[in-house]
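As structure tokens, the structure follows; a few thoughts come after it.
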Amino acid sequence: MSARQPLRLLPWPNPAGHPCYLSTDGTGYLSRLADDMEQMQLDMGSDLLDFARELLDDHKVAHRELRFLAHRLTEALRDALRVAESRGARIPVRGGEETAKAGVRVNGAE
């Protein structure tokens with residue numbers, strides 16, 4: 001009997017704005033679509049960060065532009081955190097379930 005795979009947090013919410021999950025082995029169409037979407041979200045966040053650096057160097061930037069930037073950065077951070085949560089949940093835990101429940105880091109890092 002194979003071990004049960006944890007549900008994958010998808011990089012998009014459902015129509016009500018709640019987290020969306022997928023039961024998968026990581027090889028199907030939706031898994032590949034989610035991988036592509038995560039990469040696109042991370043790339044967009046990186047591009048936005050570059051734009052933010054340029055905008056913040058401009059001392060004549062309008063308040064409205066900074067507010068718009070703050071909203072986009074907030075969205076990018078939300079997306080990046082969702083990607084991190086999804087990918088982190090899929091990292092295999094060495095040492096078994098008991099180690100994970102105890103909160104012990106098995107790689108020696110603190």
Check ion pair Arg82-Glu38 (N to O, under 4.0 angstrom): no
Gln41 side chain to Pro11 backbone, donor-acceptor under 3.5 Å: yes
Would you list the atom pairs, donor with acceptor, under 3.5 Å between side chains in residues 45-60 and any protein atom, with sequence neighbours excluded?
from  : atom 1 : to    : atom 2 : distance (Å)
Asp50 : OD1    : Arg53 : NH1    : 3.1
Asp58 : OD1    : Lys60 : N      : 2.9

Only pairs under 3.5 Å count here: list side-chain donor-acceptor contacts from residues 67-77, not counting sequence neighbours, and write none if there are none.
from  : atom 1 : to    : atom 2 : distance (Å)
Arg72 : NE     : Glu75 : OE1    : 2.9
Arg72 : NH2    : Glu75 : OE2    : 2.9
Thr74 : OG1    : Ala70 : O      : 2.7

With a cut-off of 3.5 Å and sequence neighbours excluded, list every side-chain donor-acceptor pair involving residues 22-36.
from  : atom 1 : to    : atom 2 : distance (Å)
Thr24 : OG1    : Gly26 : N      : 2.9
Thr24 : OG1    : Ser31 : OG     : 2.9
Asp25 : OD1    : Thr27 : N      : 3.0
Asp25 : OD1    : Thr27 : OG1    : 2.6
Asp25 : OD2    : Thr27 : OG1    : 3.2
Arg32 : NH1    : Thr27 : O      : 2.7
Arg32 : NH1    : Gly28 : O      : 3.4
Asp35 : OD1    : Arg8  : NH1    : 3.0
Asp35 : OD1    : Arg8  : NH2    : 2.8

Distance in Å, Cys20 SG paired with Leu10 CG, rounded so as to fall on 0.5 Å steps: 5.0 Å
Can you establish whether the number of heavy atoms outside Met44 located under 6.0 Å from its atom CE is more than 12? no
